[in-house]
Structure formats: C-alpha cells, structure tokens
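These numbers come from the heavy atoms of this one structure, side chains and all, not from hydrogens, waters or symmetry mates. To find a chain, count down the sequence lines: A is the first, B the second, and so on, and within it residues start at 1.
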Amino acid sequence: MPLELYNTLSRKKEVFSPLHPPYVGMYVCGPTVYSDPHLGHARAAITFDVLFRYLKYLGYQVRYVRNITDVGHLEGDADEGEDKILKKARLEQVEPIEIAQRYTALYHKAMDALGVLRPSIEPTATGHIPQQIEMIRQILERGYAYEVNGSVYLDVECYRRDFPYGILSGRNVEELLAGSRELEGQSEKRHPWDFALWKRAEPTHLMQWDSPWGRGYPGWHIECSAMSINYLGVPFDIHGGGLDLVFPHHEAEIAQAHACFGKEAAFQARFWIHNNLVTIEGQKMSKSLGNFITVEQVFTGKHPKLSRGYPPMALRFLILQAHYRSTLDFSEEALLGAFRGYLRLMTAYQRLMEVRPYTYSSFSVEAWRERVFAALNDDLNTAAAIALFFEQTEEIIRLRRQEIYLTAEDLALYQLTWKEVLIDILGLSPPQSIEWEKWASLIGLLIQIRRDARQAKNYALADLIRDKMTSLGIKFLDFPDETLWEMYE
RNA sequence: GGCGACGUGGCCGAGCGGUUAGGCACGGGUCUGCAAAACCCUCUACGGGAGUUCGAAUCUCCCCGUCGCCUCCA
C-alpha cells in the first residue's frame, strides 16, 4: 500500500510519487518573525516535520525548504496598513532586523525543543530580493502585471484569460468581488482582486530596496514563489502550509508562477498539503480574540488557561494524536491527557528493550507492523498509528513476563518498528535528559536503599525516599520482583 | 452574500456500509506495610428528522448548531 496524501488541488487523496525519484522537493510556508511562536506554528511545523521524516524513511532524498518571512508585510493588500515587523521595531525602538533575528531565534528554539528537524534550506525573504525582482520583471514582460507609481500589481483579469485563477481555493473572481470587503477609493489597482508584487516605499519606510520601479519592497506572496522555484524548480513535488494560507496566499503563488513560467509551472506544486488549525474552545487562536497560546507558555505554564508547565513532547504528542487535517481543540485537559498517554507509551518502549526472545512467536509482528504503516500511508494518519501502539502496551508487559513470546527475529522486527515509527518518524523522544546516566545510577542507589529499608520494615525511611523523589518528579513503580522508575516532569 | 469544513461517550480524538478504535479521566476490584504503578472489570457514543440498504456514526435529502477563508495569520 503506497503513501497517499490529500491534495488540496484535487480535493482528494492521491498516491504520492515524486517527479524525479528518488528526489523530493518540498516547500512549506514558515513563520513571519515578528512575534512569539505559538501553537499554530507548532502544529504546522510538526505536521510537515513528520512528512519530511517519513519521506526520508521511505528512501527519498528530500530537499525541504521552509522560509522565514522577515520582510514585514502590510496588514492588507490595500494601500494602507502598517508593516508588522516595522511596527514592532518602531514600538520597541530597534532595527527591523533585530526583530527578525530575535523571533527567528525564538522560533528555532521552540521548534528544536519540539523535536522538529531543521529544514534542508531555510531561506529568508530579504536574502532573495533579486530573485523576487527578477520574477516580477518577467511577469511584467509577459503582460500579466502592470506598474503604477512605482508599485507593481498582478493583473488578475488578464491572468485569468489564460490560466484558471481560483483553482486551489475554489473561488471565482465574481464571487470574490461580490464578497470583497475592499473599500473603494484609496486603491491604485485596476481591479480590487489584483494583488501587489512590489510596493513603492515612502522615504521613511525602514526596509526598502532598489528595483527597476524605484525604491520599494516586495509583496507578501512573491517571496514564496521566488524562493520555492529558486531552490526546487517548477513544478516541484509538495507545497505545504496552514489551511488559512490557501487563499489568498497560495492561490497568489500559483498565479505568480504561471504568470512567470506559463503552463510549465503546472500549478507550481503537484501536491498542495494543508494542516488544519488549532482552536481554543472551538475558536481559532488569534490575537484579536486574545486567546493565543505560545509554545513557551505551554512549557512554562505561564498562561491563565494552564495550571503548570508541560514538556515539549506532551505538546508534540497531543498534535500527533489528531489527524493533521482535523481541527485540534486545545485545552489543558487534553494536553494533560496526551502527556500521560505519551509517558505510558514511552514507558512501554523502554520496557520493550528488556524483553527476551523465545523459541517461537505467539503473535504476528508482521501483520501488526503492516497495519501501522497502512495508517501512515493513509494520508499520514498518525492518530490511528499511535492507537496501534497503545494496543501493544499490554502485550509488552506480557512479553516481559514471558506470558507471550517472540522469536529473536520477530522481537528484533518488533523493537525496530517501535523505534522507527515512534522515534524516527513521529519524532518522539523518551523523557530523558543529557544527564540520564548519572540520574539513573543515583536513583538506582536510592531504590536499593529504600528496598533495604522496606525489608527492615523501616517504612518511615522508605516513604521519605519515595515522597522526596515524587516531589522531584520521579515516580517509583514497585513490581513484585523489582522497582522501576520514571520521570513525569 | 460566496467558498469550505465540522458536530462521536466527562475530555481529546480515529472512523469513509457490517469489528470493542485508542488515549485521558471516573467508579469497582486484585496486588501492596501504605501508596503509586501494573493488571482485571465497569462506563459502549455518534446534533435532530426523513430516506436508501439485509444492515448507517459511515450514503442521500432537509433542519439545527459550530467554525474557517473571502484583511494579516500556521
């Protein structure tokens, strides 16, 4: 059963195969770096991290490009509104690049903690101004854009005579016009649905570059077209991003690519993949609603909706327990549930490594393994895959107690599957610290002392040790023949 | 107004015509010096109505409700 992915372009699942095997080109819209990374960023990053990991696991050589948007963009395509990064820079009285650098670093820090692998290439918009200008120049040359007072706009009316505008989002221009909130008056655009490729900069504008049309800065959509095509060519295999980017951002990207390269662009990417949003009490997180939660707040617990902090893997696990195309409703209750479930799974994983082989197998590892990969192949159904692992937790205990058995060969495959899927593909990591070995021997010593105390019926000492360890976040698990322990903080 | 989703047991969440999804929480029990853990048991749901079918959470229609996009947004 091959990997199938839901393609927004066709609105159905399609068997994935790259254009030029074994190479896969994947571009994902990264963050605009002007504020703290939040749960939405985490979900997008983790979703495509898993896809990245899985494609590599399947043997593809993946070039994964995820951009950093460090040019502030206007708050709208209208000719008004303030650049978000500039606004932040002005408020804090620092250079725009300081804002970009700071939030890029915070983004990296948060995503690293969540086990998100760095992409192969992480280009910045400001680092690719020439490529963007060149693309705009070609679009103008082909007649799909026009210049007005030092700004350049894509001429949607003209474009749609040759290409289908709205192919990704299912919009048509008439409907857009009917429902547009665009205000009449201030626009120099020919039609309300035209969008900016290049904007003229006022002399006071902090970030501006020379261009054939005078000093200015690029429009929001052009950077992704220019950078994706620069590193991956046209068309490339996979373009990803949040569901909220489908329109207008990705629709505009497709239009720019075709306006520049014509039919060769072939919808720019063959697979358009979108992760659904994170909601808080059923509503999308947004600053205007004041309900957004940053990744850091989840770690520290410093948020009104949280009573404590949670480790990064708890959040990663919560996200993975939902299918990426479903909305995920965030709450502390859900997060706590995910955290406990994650610990349970990791405990099982650690115990699995202590299982000893036998002369025959009492169940089929192969059949179970196939079900796990069938789930992953079914549009990356991580939730279903994880459920299959939970179903095995009791089997592991029975294996360890020699109530059921596996041959050395089957056991190896069984252990391999746990490692490959949970650790390598889903990117979960056991709750360990770098000081793990030291901790382990220290705790082992305490366990021994406590055991002696218990045998001597010195329960006061035994309980003192246990309670102290509990308060430090280390839980003792007394089995009849031994004591295991686990960290839960 | 247009486009698109979704409503599953206390909570999160798979599900794409016939199986107990699964996790977390709750309750009872076994075990334990006590507890935790582990194990066993209990809780068995699909917004409402009509239809198709031997059979529907899963398909069709209507209704109700929620949400996203159409401004920046992962």
Side-chain angles (χ1 to χ4, degrees), chain A residues 8 11 13 28-32 34-35 37-48 69 72-78 80-84 166 169-172 174-183 193 220 240-249 251 274-279 282-288 292 317-318 321-323 325-342 344-345 347 375 378 381-391 393-394 397-398 401 454 457 459 462-463 466-467 470 475-480 483-486 488:
Chain A
T8 307
R11 300 181 189 210
K13 291 180 200 170
V28 173
C29 289
T32 302
Y34 73 105
S35 65
H38 55 66
L39 296 178
H41 293 111
R43 187 173 197 195
I46 289 169
T47 297
F48 292 102
T69 297
H73 289 293
L74 297 189
E75 287 167 346
D77 274 333
E80 58 177 353
E82 193 172 9
D83 177 313
K84 289 174 297 190
S169 57
R171 316 286 166 117
N172 67 58
E174 286 74 16
E175 285 161 1
L176 287 175
L177 182 62
S180 174
R181 296 185 213 161
E182 196 93 44
L183 300 172
W193 51 79
W220 175 38
L243 197 60
D244 50 351
L245 296 178
V246 173
F247 192 91
H249 184 56
E251 197 68 64
H274 294 96
N275 64 278
N276 214 136
L277 308 179
V278 177
T279 58
Q283 283 194 308
K284 176 182 176 177
M285 286 195 308
S286 80
K287 296 202 170 173
S288 55
F292 74 98
F317 196 72
L318 175 71
Q321 267 197 299
H323 184 92
R325 283 193 293 117
S326 300
T327 53
L328 170 59
D329 201 43
F330 181 89
S331 65
E332 176 157 38
E333 200 177 0
L335 179 62
L336 181 62
F339 181 34
R340 296 214 173 119
Y342 155 75
R344 188 161 159 235
L345 215 48
T347 302
D378 182 15
N381 194 338
T382 54
I386 287 171
L388 287 165
F389 282 90
F390 273 118
E391 286 177 8
T393 57
E394 57 194 74
I397 286 170
R398 295 175 67 200
R401 289 185 181 167
R454 290 177 73 199
K457 298 203 190 299
Y459 296 123
D463 290 353
R466 183 181 67 197
D467 294 345
T470 302
K475 200 154 52 178
F476 283 171
L477 316 175
D478 288 335
F479 287 85
T483 295
L484 303 179
W485 60 276
E486 65 190 22
Y488 64 95

Output field dot_bracket for RNA chain B (Watson-Crick or G-U, both distances under 3.5 Å, | for other-strand pairs) contains ((((((((.[[[..)..(...]]]..((((.......)))).....[[[[[..)....]]]]])))))))....

- request: Establish, with yes or no, whether the OP1 or OP2 oxygen of rG15(B) is under 4.0 angstrom from a side-chain nitrogen or oxygen of N381(A).
  value: yes

Counting just side-chain N and O atoms, does K13(A) come under 4.0 Å of either OP1 or OP2 of rC16(B)?
no

Heavy-atom nearest nucleotide on RNA chain B taken for P31(A) and for T327(A); more 5' hit belongs to T327(A)

Residues at least two apart in sequence or cross-chain that pass salt bridge (Lys or Arg N to Asp or Glu O under 4.0 Å) with R398(A), listed by chain then number, are E395(A), E403(A)

Atom NE2 of H249(A) and atom P of rA74(B) are separated, to the nearest Å, by 9 Å

Checking rG13(B), rA74(B), rC69(B) against the side chain of L328(A) (C-beta onward), the nearest is rG13(B)

Of rC12(B), rA74(B), rA25(B), the nucleotide closest to the side chain of L245(A) is rA74(B)

Picking from rG13(B), rA74(B), rC34(B), the nucleotide nearest the side-chain atoms of A322(A) would be rG13(B)

Pick the C1' atom in rG27(B) and in rU42(B), then give their distance to the nearest Å.
-> 7 Å

Sorted by position of nearest nucleotide on RNA chain B, 5' first, the leading residue of L277(A) and E333(A) is E333(A)

Can F476(A) be classed as stacking with the base of rA36(B), given a centroid separation cut-off of 5.5 Å and a plane angle cut-off of 30°?
no

Which part of the nucleic acid, if any, lies within reach of F390(A) when heavy atoms closer than 4.0 Å are counted: base, sugar-phosphate only, or nothing?
sugar-phosphate

Any Q283(A) side-chain N or O less than 4.0 Å from OP1/OP2 of rC67(B): yes

Sugar-phosphate, base or nothing in reach of A387(A), heavy atoms under 4.0 Å | base

### Task
Rounded to whole angstrom, note down the C1' distance from rC72(B) over to rG13(B).
31 Å

Against the side chain of D329(A), the closest entry in rA38(B), rA74(B), rG13(B) is rG13(B)

| request: Give one of base, sugar-phosphate or nothing for S326(A), where a contact means two heavy atoms less than 4.0 Å apart. | output: sugar-phosphate

Just N and O in the side chain of R325(A): are any of them under 4.0 Å from OP1 or OP2 of rA5(B)?
no

Answer yes or no: does a side-chain N or O of R171(A) lie under 4.0 Å from OP1 or OP2 of rG2(B)?
no

At under 4.0 Å between heavy atoms, what does D463(A) touch on the DNA or RNA strands: base, sugar-phosphate, or nothing? base

P248(A) has its side chain closest, among rC70(B), rA74(B), rC12(B), to rC70(B)

Atom CD of E251(A) and atom C1' of rU71(B) are separated, to the nearest Å, by 17 Å

